[in-house]
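Reviewing the structure listed below.
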Amino acid sequence: MFFNEKWPPQDPKPCWASGREKDIGHYLLRNVLTQTTIEGKCFHNLMERKDFEAWLDNISITFLSLTDLQKNETLDHLIGLSGAVQLRHLSNNLETLLKRDFLKLLPLELSFYLLKWLDPETLLTCCLVSKQWNKVISACTEVWQTACKNLGWQIDDSVQDALHWKKLYLKAILRMKQLKDHEAFETSSLIGHSARVYALYYKDGLLCTGSDDLSAKLWDVSTGQCIYGIQTHTCAAVKFDEEKLVTGSFDNTVACWEWSSGAKTQYFRGHTGAVFSVDYNDDLDILVSGSADFTVKVWALSTGVCLNTLTGHTEWVTKVVLQKCKVKSIMHSPGDYILLSADKYEIKIWPIGREINCKCLKTLTVSEDRSISLQPRLHFDGKYIVCSSALGLYQWDFASYDILRVIKPPEFANLSLLGFGDIFALLFDNHYLYIMDLRTEKLISRWPLPEYRKSKRGSSFLAGEMSWLNGLDGQNDMGLVFATSMPDHSIHLVLWKEHG
């Protein structure tokens with residue numbers, strides 16, 4: 001035994017010794033655990049330091065040989081013998097041992113690596129733990145960038161501010177919740193025409209409307225104010241820039257008008273049917289038009305001279321697009337201008353040239369026997385051609401003309417295309433406006449539409465701002481989303497609601 005026979009003191013029953021503490025072992029433990037303070041200095045009762053350390057080693061060896069249950073029972077016993085000083089000491093040390101702040105202790109790189117395995121919602125909760133946790137988690141750029149990408153938001157890698165990405169994620173999650181809850185949009189109307197509005201065109205916050213009241217108007221969408229109103233012919237198609245307006249008409253002609261004066265600056269005659277679509281390019285000095293006479297005509301924009309008549313369509317040509325190519329193939333190179341024309345069953349691709357009897361480069365269809373018709377909307381961004389049909393959305397690779405994919409609509413749905421991007425597509429039917437996540441091909445939002453004016457050519461409705469279809473960025477989700485003409489001759493607008 002490590003104590004001699006003269007110890008403990010001669011009084012075998014001190015005043016505090018009772019119950020479990022009557023035996024000498026309890027007496028010893030009590031004295032070892034008890035500390036007294038004399039003149040500001042702490043001393044262990046009864047044992048010198050050397051003897052205490054030897055005793056502690058022996059106790060430790062015995063303790064380690066116990067079972068878990070015995071260890072727990074021993075600790076319970078010691079805690080029961082402890083006073084306030086020991087319990088406070090125990091509490092302080094347990095907190096240090098059991099509640100280790102790994103984000104504070106680990107190197108920052110390891111902390112970032114661990115945080116990448118948590119979902120954003122959990123990370124936001126973790127930000128509430130402490131200021132230190134909030135600081136470390138907010139600075140984990142890669143985590144928040146990935147979270148934004150997963151929501152369909154654009155990432156600008158040049159932004160170095162770490163807090164920017166967490167703030168962007170918070171803005172993104174709010175906007176996506178609004179889309180899911182059908183609260184992201186609001187509506188307004190433009191009133192001013194006295195007859196049906198058959199032609200719409202949108203650009204940079206301005207909406208042009210062409211009507212059977214023999215007028216065309218240019219509106220500021222943000223204010224609802226009419227900027228210009230000029231007298232024209234009946235408009236079946238319109239396109240404009242800052243200085244001029246080009247109109248295709250039911251009177252088989254195309255005209256160019258000056259906004260500031262309302263004067264007709266050029267006239268294009270030659271079609272034998274209504275002109276349903278127009279496009280132009282000032283640099284090329286070319287205007288193209290598609291007509292109900294089954295032809296596409298290429299004109300000199302400045303002189304009104306017809307340069308070429310493209311034949312081959314067997315239905316009304318409802319859409320023409322003049323666009324710069326962005327990919328290389330056997331037939332074209334990046335930077336070449338390409339003309340696309342579409343009718344009820346076919347999309348034709350033409351080279352832009354002034355030679356007579358120019359040949360069609362390629363004809364795209366969704367059914368050889370013409371059993372499936374195309375919707376009167378066409379998207380071409382220089383890399384992909386997209387068109388909708390009763391079978392779904394067809395996407396062609398412009399470099400190879402191969403069909404990349406067919407996106408099937410939900411059951412019983414017959415959705416028409418309004419806009420198509422890298423991340424989202426804007427679709428609609430007779431009752432709703434839809435947003436589809438193209439990565440999952442799932443509809444993520446819808447918005448109710450009124451009984452708008454129907455048009456077989458698709459001219460009485462259009463998409464507004466399109467950049468957000470390639471990914472939201474917190475700045476491009478504003479302005480016009482959708483516009484359509486109404487039976488009462490007004491224009492119904494669907495706009496992004498401002499961020500909360």
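Basis for what follows: all heavy atoms, side chains included, without hydrogens, waters or symmetry-related copies. Quick caveat, the model's predicted, so the values are computed rather than measured.
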Inset, instruction - Might you point out which heavy atoms bring Lys171 and Gln475 nearest each other, and give the distance in Å? - result: NZ-NE2, 4.3 Å

Legend entry - Donor-acceptor pair, side chain of Ser367 and main chain of Ile372, under 3.5 angstrom: yes

Legend entry - Short side-chain to backbone donor-acceptor contact, Arg377 and Leu462, under 3.5 Å: no

Legend entry - Check: Asn150 side chain, Thr146 main-chain N or O, donor-acceptor pair, under 3.5 Å: yes

Legend entry - Atom of Asn414, atom of Gln375 and distance for their closest heavy-atom approach: OD1-NE2, 3.5 Å

Legend entry - Crowding at NZ, Lys71 (>12 non-hydrogen neighbours, <6.0 Å): yes

Legend entry - Residues, nucleotides or ligands: over 12 heavy atoms within 6.0 Å of Tyr113 OH: no

Inset, instruction - Could you tell me which non-hydrogen atom of Leu151 sits nearest to which non-hydrogen atom of Phe424, and how far apart they are? - result: O-CZ, 4.0 Å

Legend entry - Where Met436 and Leu427 come nearest, the two heavy atoms and their spacing: CE-CD1, 3.9 Å

Inset, instruction - Check the angle between the aromatic planes of Tyr401 and Phe398 and answer parallel, tilted or perpendicular using the 30° and 60° thresholds. - result: perpendicular

Inset, instruction - Would you indicate whether His89, at its atom NE2, is surrounded by more than 12 heavy atoms from other residues, nucleotides or ligands within a distance under 6.0 Å? - result: no

Inset, instruction - Give a yes or no on whether a salt bridge exists between Glu183 and Lys177, defined as a side-chain N under 4.0 angstrom from a carboxylate O. - result: no

Inset, instruction - Answer yes or no: is there a donor N or O on one side and an acceptor on the other, between the side chain of Trp144 and the main chain of Leu170, under 3.5 Å? - result: no

Inset, instruction - Return yes if some donor-acceptor pair links the side-chain N/O of Lys116 with the main-chain N/O of Glu142 below 3.5 Å, else return no. - result: no

Inset, instruction - For Lys362, look at atom NZ and say whether over 12 heavy atoms of other residues, nucleotides or ligands are found less than 6.0 Å away. - result: no

Legend entry - Check ion pair Glu346-Lys348 (N to O, under 4.0 angstrom): yes

Legend entry - For the student: nearest non-hydrogen atoms of Tyr202 and Ala463, plus distance: CB-O, 4.3 Å

Legend entry - Within 6.0 Å of CD in Glu368, more than 12 heavy atoms from elsewhere: no

Inset, instruction - Identify the heavy atoms of Pro120 and Tyr169 that sit nearest to each other, and give their distance. - result: CB-OH, 3.1 Å

Legend entry - Step-by-step side chain to side chain contact (heavy atoms under 4.5 Å, CB included) determination, Leu364 to Ile385: CA-CA 10 Å; Leu364 306 176; Ile385 301 171; 3.8 Å; yes

Inset, instruction - Begin with the C-alpha distance, continue with both residues' side-chain angles, and end with the deciding distance and a verdict on side chain to side chain contact (heavy atoms under 4.5 Å, CB included) for Val136 and Leu115. - result: CA-CA 10 Å; Val136 172; Leu115 293 173; 4.2 Å; yes

Inset, instruction - Kindly say whether Arg446 contributes a backbone atom to a donor-acceptor pair with the side chain of His182 at under 3.5 angstrom? - result: yes

Legend entry - Pairwise side-chain contact, Trp496 with Phe185, heavy-atom cut-off 4.5 Å (strictly under): yes

Inset, instruction - Give a yes or no on this: more than 12 heavy atoms of other residues, nucleotides or ligands lie within 6.0 Å of atom CD of Glu53. - result: yes

Inset, instruction - Could you walk me through whether Asp381 and Lys383 pass the salt bridge (Lys or Arg N to Asp or Glu O under 4.0 Å) test, one step at a time? - result: CA-CA 6 Å; Asp381 62 0; Lys383 297 185 294 183; 5.2 Å; no

Inset, instruction - Report the C-alpha separation of Tyr337 and Trp350 in whole Å, then their side-chain angles, then the decisive distance to 0.1 Å, and conclude whether the ring pair (Phe, Tyr, Trp, His ring centres under 6.0 Å) test is met. - result: CA-CA 9 Å; Tyr337 278 90; Trp350 311 86; over 10 Å; no

Inset, instruction - Classify the ring geometry between Phe482 and Phe461 as parallel (under 30°), tilted (30 to 60°) or perpendicular (over 60°). - result: parallel

Inset, instruction - Could you tell me whether the side chain of Thr67 and the main chain of Gln70 form a donor-acceptor pair under 3.5 Å? - result: yes

Inset, instruction - Return the orientation label for the Phe420 and His379 ring planes: parallel under 30°, perpendicular over 60°, tilted otherwise. - result: tilted

Legend entry - Donor-acceptor side-chain pairing of Ser329 and His332 below 3.5 angstrom: yes

